[in-house]
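Values reported hereafter were calculated over all heavy atoms of this structure, with side chains retained and with hydrogens, waters and symmetry mates removed.
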Amino acid sequence: MGEREYQEGMARLEAGDVEEGRRLLEAALRASPGSVEVMHGLARALDLAGERGQARALLERAHAQAPGEPGPACDLSMLYLEQEEDARAVRVLAPVLAAHPEHPRANLCMAMALAKTEPERARGHVVKALLETEPEGRRQAEALQRVLGV
C-alpha cells in the first residue's frame with residue numbers, strides 16, 4: 001500500500017482530477033508518512049486545490065527531510081519567491097545545487113531568486129537553466145536570459 005496510491009494519485013493530478021489525486025495522495029502519505037516523494041506529490045495537489053499554506057508546510061517538511069532533493073526544493077523556492085522571500089529561496093536551493101550543480105530547474109529557480117540582488121550570479125545559473133528540455137522551463141530560462149542580458 002502507498003506506492004499504488006501514489007502512482008494513481010499523480011496520474012489523476014496529471015489528468016486534471018485534483019480532488020481524486022489529492023485523496024489518493026493523502027492515502028499514500030498515511031501508508032508512507034516519511035516519503036519525500038509522496039509529500040511532494042501531495043503538496044502539488046494541495047497547491048492546485050488552492051491550499052497554499054498547507055502545500056508550503058508539507059514542502060518545508062519534505063525539504064527538511066531531504067534538503068538535496070530538487071523537486072520539493074524547487075517548488076518551495078517558487079512559493080517563497082511569490083511571497084518575495086528571495087533570500088529564503090536561495091537558502092533552500094543551495095543544498096540542491098551542491099548535490100546537483102547542473103540541475104536545470106534548480107538553476108532556473110536560483111537564477112530567479114538572485115535576479116534582483118545578484119544579477120551576475122543569476123546569469124551563471126541561467127546558462128545552466130538553458131539546458132532544460134521541458135518546454136515551459138526552457139521558455140522561462142530564455143525569458144530570464146533576455147532580462148538579465150546573458
Nearest-0.5 Å distance, CE of residue M39 to OG of residue S32
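The CE atom of M39 sits 10.0 Å away from the OG atom of S32.
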
With rounding to the nearest 0.5 Å, note down the distance linking CG in L108 to CD in E142.
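Nearest 0.5 Å value for the CG-CD distance: 11.0 Å.
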
Looking at [X] and [Y], what are the two nearest heavy atoms and their distance?
X: A113; Y: L81; answer: CA-CD2, 3.6 Å
X: L13; Y: G41; answer: CD1-O, 3.9 Å
X: E26; Y: L42; answer: CG-CD1, 3.7 Å
X: A45; Y: L25; answer: CB-CD1, 4.1 Å
X: L58; Y: A43; answer: CD2-N, 3.7 Å
X: V126; Y: A111; answer: CG2-CB, 3.5 Å

For [X], all residues meeting side-chain hydrogen bond (donor to acceptor under 3.5 Å, both in side chains), sequence neighbours excluded:
X: Q83; value: none
X: H63; value: none
X: Q7; value: E3

Within the side chain of H100, is there an N or O that forms a donor-acceptor pair under 3.5 Å with the backbone of H103?
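No, because the side chain of H100 does not come within donor-acceptor range (under 3.5 Å) of the backbone of H103.
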
Can you list the other members of the hydrophobic cluster that holds Y80, where links are side-chain heavy atoms under 4.5 angstrom apart?
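Direct or chained contacts put Y80 with L59, L76, L79, V92.
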
How does the hydrophobic cluster around V90 look, that is, which other residues are in it when side-chain heavy atoms under 4.5 Å mark a link?
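V90 shares its hydrophobic cluster with L93, L97, M110, L114.
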
List the residues meeting salt bridge (charged side-chain N to carboxylate O under 4.0 Å, His left out) with [X], not counting sequence neighbours, and say none if there are none.
X: R121; result: E118
X: E84; result: none
X: E85; result: R56, R88

E132 versus Q140: any side-chain heavy-atom pair under 4.5 Å?
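Of all side-chain heavy-atom pairs linking Q140 with E132, none is under 4.5 Å.
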
Qualifying salt bridge (charged side-chain N to carboxylate O under 4.0 Å, His left out) pairs, either residue in residues 94-112, two or more places apart
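As it turns out, the salt bridge (charged side-chain N to carboxylate O under 4.0 Å, His left out) pairs with a partner in residues 94-112, which skip direct neighbours, are D75-R105, E102-K128.
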
Considering residues at least two apart in sequence or located in another chain, which fulfil the side-chain contact (heavy atoms from CB on, under 4.5 Å) criterion with E20?
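Here the qualifying residues are R12, D17, R23, L24.
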
Sequence neighbours excluded, which residues qualify as side-chain contact (heavy atoms from CB on, under 4.5 Å) partners of A49?
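Partners of A49 by the side-chain contact (heavy atoms from CB on, under 4.5 Å) criterion, ordered by chain and then number, come out as V18, R22, E51.
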
Does this structure show an ion pair linking R30 with E5, if we count only N-O contacts that are shorter than 4.0 Å?
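A salt bridge is absent here (no side-chain N lies under 4.0 Å from a carboxylate O).
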
Which pairs would a plain distance check flag for residues 64-72, meaning a side-chain donor or acceptor within less than 3.5 Å of a matching protein atom at least two apart in sequence or in another chain?
| residue | atom | partner | partner atom | Å |
| --- | --- | --- | --- | --- |
| Q65 | NE2 | G34 | O | 2.4 |

Are V36 and M10 co-members of a hydrophobic cluster defined by side-chain heavy atoms under 4.5 Å apart?
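Both belong to a single hydrophobic cluster.
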
Would you say that more than 12 heavy atoms from the other residues, nucleotides or ligands in this model lie under 6.0 Å from the CD of E19, or not?
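12 or below, so no.
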
